[in-house]
Amino acid sequence: MLMLRFACSPTGDMHIDDLRVALLNYIISKQKNEDLIVRIDDMNKEKNIEGKDQEILAILELFHIKYSQVVYQSQNIRFYSAMALDLLHKKKAFACFCSHEWLENKKNEAKAAKKPYKYDDACRNLPAELVIDNTAPFTVRIAKPEQATTSDPMDSFVIMRQDKTPTYNFACAIDDMLSDISIIIRKDEQKNDTAKELHVRNSLGYDKEIEYAYLPALLDTPSVKELLEDGYLPEAISNYLISTINEPLKEIFTLQKAIEWFDLGKISKTPTHFDIDILKHINKEHLKNLEAKELSRYVGFADEEIGELARIYLNEANTTKELKAKIAPIFSQRVIPGMFAQQATLMAQTIKDAPYFEAYIDFKNHIMKETGLEGESFLKPLQILLTNAEHGPDVAKVYKYLKNYIQEIVK
RNA sequence: GGCCCCGUCGUCUAGCGGUUAGGAUCCAUGGUUUUCAUCCAUGUUACAGGAGUUCAAUUCUCCUCGGGGUCACCA
């Protein structure tokens, strides 16, 4: 049985590099047809922000990332204590009475001497009577591995703080053990945590092999919320994020398609910069693929005609926000530049009195004839009257979707 | 400073010993469009540097340089 997990802490807005990790975990879980669980790392009481967990889950929902359950670290506290006690019994962990200041001094000394700081195991072999008589607060440290397995030997690190809450590496190692996780896909920057977590599990006698995969950094990333507010489609964001880790078959694709071809073995190794230009391009393509009704909803209407109208404007907009800014003026008060004021007034009156025309050509001929305007002095005022902008799409195209609203607009 | 990861057009990338080093985006130019844009066409720009291995190195090895990450009683 395989199991994957996505861990996220509710201490701030979710950034798109977090989302990318979630997406990747989801894709692999689907490919392997296994469960994905979401873990909320809520052990930092001071930094936790009320409601952020729900926000994270809402984002996952919006991006169609499905999971089988949500676990909160804070609910596992009794396990962490039990495991720490077990390690203590087995002499694989020990109480450390070193004060914060003292350790701080040691670190500064090491820094001054340009040597890496390692805890010196001062409290490791304290006689039992010294421990029992000591009323000072203490942390629990896990005994470092017997032999150094890497060129950067680990020291006996803290697993339980003075307030007897677990540290991250300890909690994380135990969570993955309890949830029976088999594949961990996380950010590259967490690579250094892996050895510690492995050591915790080994010390506890857990020997299941966990497969690890690391995602190189995505630099300068905005929060998911920001992108959504700026009018980027979830499917476009997914498309972009996935193409930063695997070369896609086709530039534009859906999450479903990505599940078919994605290859965990071909994860890109180079750290990448978040590139808004490419996302814009992808977003536009996804916008083009939307049904008229759906498109219409994104710009604040629920009308197929408006959707088609919006589609015309897609040529000059990359996001739903930009699209909205193009469509909204059409249905608001006209701003007519002085040089066209006269013609526009005349034309507006003529349109008001005119019958309904199905075809633009008939409409155009009628207005031309009635107003006597032609060329530039016909087209510009008409364009402004219809679209409330001096530049924009072909009025003939726009008329097709605007003809039913024309009296309302001219008013 | 120790350790880890990574260096191909400005950006995202393809390449897995022999290629005119390909694509996307951006930018520029031209064409279409009675406007802006779209669209189409064309174009500029890249193997970080140095040694080695080899008939042959963007590709393999080492060094240098550069970028990022990490070294907590944060997650």
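Heavy atoms of Met43(A) sit under 4.0 angstrom from primed sugar atoms or phosphate atoms, though from no base atom. Note on Glu46(A): nothing from the nucleic acid sits closer than 4.0 angstrom, heavy atoms only. Contacts of Glu247(A) with the nucleic acid, taken as non-hydrogen atoms under 4.0 Å apart, involve only primed sugar atoms and P, OP1 or OP2. Within the nucleic acid shown, Thr139(A) comes within 4.0 Å of at least one base atom, counting heavy atoms only. Across all strands shown, Asp275(A) has heavy atoms under 4.0 Å from base atoms, whether or not it also approaches the sugar-phosphate. Counting non-hydrogen atoms under 4.0 angstrom, Asp193(A) reaches a base of the nucleic acid.
Nearest nucleotide to the Lys114(A) side chain, out of U35(B), G1(B), C73(B): G1(B). Listed nucleotides G10(B), A24(B), C73(B) differ in distance to Lys107(A); the shortest reach to its side chain belongs to C73(B). Taking every side-chain heavy atom of Arg141(A) into account, C73(B) is the closest of C5(B), G69(B), C73(B). Among A75(B), U8(B), U11(B), the nucleotide with an atom closest to any side-chain atom of Thr270(A) is U8(B). The side chain of Asn192(A) sits closest to U70(B) out of A75(B), U13(B), U70(B). Ranking A75(B), U70(B), C5(B) by closeness to the Lys191(A) side chain, first place goes to C5(B). Among the nucleotides U35(B), A37(B), C74(B), the one closest to the side chain of His391(A) is U35(B).
Stacking of Lys403(A) on the aromatic ring of Phe363(A) is not recorded, the 6.0 Å distance cut-off and the 45° axial limit not both being met. Judged by the 6.0 Å and 45° rule, Arg141(A) forms a cation-pi pair with Tyr119(A). Note that Lys321(A) lies outside the cation-pi zone of Tyr298(A), set by a 6.0 Å cut-off to the ring centre and a 45° limit from the axis. A cation-pi geometry, defined here as NZ or CZ lying under 6.0 Å from the six-membered ring centre and within 45° of its normal, does not hold between Lys326(A) and Tyr313(A).
Close to C74(B), at under 4.0 Å from its OP1 or OP2, lies no side-chain N or O of Thr167(A). Dashed line: the shortest gap from a side-chain N or O of His281(A) to OP1 or OP2 of U25(B) is under 4.0 Å. Residue Arg161(A) has a polar side-chain atom (N or O) positioned under 4.0 Å from OP1 or OP2 of A75(B).
With a cut-off of 3.5 Å on both pairing distances, the Watson-Crick or G-U wobble partner of G7(B) is C65(B). Base pairing of U42(B) is made with A28(B), judged by Watson-Crick or G-U wobble geometry with both donor-acceptor distances under 3.5 Å.
Nearest-nucleotide positions on RNA chain B for Phe274(A) and Lys397(A) put Phe274(A) closer to the 5' end.
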